[in-house]
Amino acid sequence: ADLRQSSVAAYFGLDPRQLGLTEVIGGQAELDRVISQSDVPNLSLLTSGIEPPNPAEILGSRRMNGLVKGLREKYDFVLIDSPPVLAVSDTLMISQHVDSVILVARSQKTLKKSANEASQRLRRVNARLAGVVLNDFQDPDLYRVSGSYYYVENPKAANG
């Protein structure tokens, strides 16, 4: 649902210009005809489609709400990729149609201040924030024990 700078289609090797979400919401395409099967078992994709002139309007529409409800009935899980919360209001619109939101922050790039502001914006529209994913995180001194993560000063000592 990133209708401005979609990257999901390209990531999965699909044509980013193929019909998708925009055309389904606009009534120019049937959902079953634009769903693609990925190389990942049990993962179907609905790409964003052609960039519309009014992304926030489309994502906040009743038709979007109906689409999400229909997808919930057909699939076990529906994950919606959206643009950055601080960049545009699209994600705030989408948050009204979903069960919960997972905020994604990039390690060494996303400022704590920005993550807090994004979280506050989501809370202001009563979005249900399920948690945060920190991507691109690489730290050899990070260890996992019983579901929790912790740092150690001397990694070799922790392995011994």
Side-chain angles (χ1 to χ4, degrees), residues 1-14 16-17 20-26 36 38 40 43-69 71-72 75-159:
D2 188 344
L3 302 181
R4 298 169 199 268
Q5 292 185 2
S6 179
S7 59
V8 171
Y11 182 82
F12 284 95
L14 302 171
R17 298 165 298 179
L21 174 65
T22 301
E23 290 74 27
V24 171
I25 297 294
S36 300
S38 75
V40 178
L43 179 65
S44 301
L45 300 169
L46 173 60
T47 59
S48 61
I50 308 301
E51 183 179 343
N54 54 347
E57 239 177 79
I58 288 171
L59 297 171
S61 71
R62 287 184 185 165
R63 292 193 76 162
M64 179 66 179
N65 191 39
L67 175 63
V68 171
K69 284 181 181 178
L71 290 170
R72 280 186 182 139
Y75 294 95
D76 294 330
F77 298 97
V78 178
L79 302 174
I80 301 174
D81 181 48
S82 67
V85 176
L86 298 182
V88 291
S89 64
D90 301 9
T91 300
L92 301 177
M93 298 293 197
I94 295 168
S95 74
Q96 303 308 294
H97 305 298
V98 299
D99 295 326
S100 59
V101 175
I102 299 171
L103 187 62
V104 178
R106 185 173 310 280
S107 179
Q108 303 298 315
K109 297 284 183 190
T110 303
L111 300 174
K112 184 177 178 181
K113 177 182 171 182
S114 298
N116 285 334
E117 175 62 25
S119 174
Q120 288 174 7
R121 287 186 188 184
L122 288 164
R123 286 190 177 102
R124 278 195 288 264
V125 297
N126 296 317
R128 292 159 299 283
L129 187 57
V132 177
V133 169
L134 182 64
N135 66 11
D136 289 342
F137 184 81
Q138 297 175 9
D139 191 330
D141 296 339
L142 185 68
Y143 289 86
R144 182 179 178 141
V145 174
S146 302
S148 299
Y149 291 94
Y150 69 96
Y151 287 97
V152 294
E153 285 186 37
N154 183 350
K156 291 184 178 110
N159 290 329

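Residues: numbered from 1 along the sequence shown. Just so it is clear, the values below take in all heavy atoms, side chains as well, and ignore hydrogens, waters and symmetry mates.
- Between L21 and L59 the shortest side-chain heavy-atom distance falls below 4.5 Å.
- Atom CG of L79 sits about 10.5 Å away from atom CG of L45, to the nearest 0.5 Å.
- R62 CZ: 12 or fewer foreign heavy atoms inside a 6.0 Å radius.
- Atom CG of residue L67 and atom CZ of residue R72 lie 10.5 Å apart, to the nearest 0.5 angstrom.
- The structure places OG of S107 at 5.0 Å from CG of L134, a figure rounded to the nearest 0.5 Å.
- Nearest heavy atom pair, residue D2 against residue S48, reads O-CB, 3.8 Å.
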Step-by-step side chain to side chain contact (heavy atoms under 4.5 Å, CB included) determination, E51 to T22:
CA-CA 7 Å; E51 183 179 343; T22 301; over 6 Å; no

Any chance you could lay out the salt bridge (charged side-chain N to carboxylate O under 4.0 Å, His left out) test for E117 and R121, step after step, and finish with the verdict?
CA-CA 6 Å; E117 175 62 25; R121 287 186 188 184; 2.9 Å; yes

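- Rounding to the nearest 0.5 angstrom, the gap separating the CG atom in L3 from the OG atom in S82 is 10.0 Å.
- Atom OH of Y11 has 12 or fewer neighbouring heavy atoms from other residues, nucleotides or ligands inside a 6.0 Å radius.
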Step by step, would you call E57 with R63 a salt bridge (charged side-chain N to carboxylate O under 4.0 Å, His left out)?
CA-CA 10 Å; E57 239 177 79; R63 292 193 76 162; over 6 Å; no

So H97 and I80, side chain to side chain contact (heavy atoms under 4.5 Å, CB included) or not? Walk me through it.
CA-CA 10 Å; H97 305 298; I80 301 174; over 6 Å; no

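- Side chains of F12 and T47 form no contact here, defined as non-hydrogen atoms less than 4.5 Å apart.
- Proximity of a side-chain donor or acceptor of Q5 to a complementary backbone N or O of P83 within less than 3.5 Å is not detected.
- A115 and L103 make their closest contact through O-CD2, 3.8 Å (heavy atoms, listed as atom of the first residue, atom of the second, distance).
- With hydrogens and angles disregarded, no donor-acceptor distance shorter than 3.5 Å links the side chain of Q108 to the backbone of D136.
- Within the 4.5 Å cutoff, no side-chain heavy atoms of V85 are placed close to those of V101.
- With a 4.5 Å cut-off on side-chain heavy atoms, P55 and V88 do not count as touching.
- Heavy-atom neighbours of R4 CZ from other residues, nucleotides or ligands within 6.0 Å: above the threshold of 12.
- For L86 against S114, the heavy-atom pair with the smallest separation is CD1-O, 3.5 Å.
- Between I58 and M64, every side-chain heavy-atom pair lies at or beyond the 4.5 Å cut-off.
- At distances below 3.5 Å, at least one donor-acceptor pair connects side-chain atoms of R128 with backbone N or O atoms of V98.
- Rounding to the nearest 0.5 Å places NZ of K109 at 10.5 Å from CG of L111.
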L129 vs S119, side chain to side chain contact (heavy atoms under 4.5 Å, CB included): CA-CA, chis, key distance, verdict:
CA-CA 8 Å; L129 187 57; S119 174; 3.5 Å; yes

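- With contacts defined as side-chain heavy-atom distances shorter than 4.5 Å, the pair V132/I102 does not qualify.
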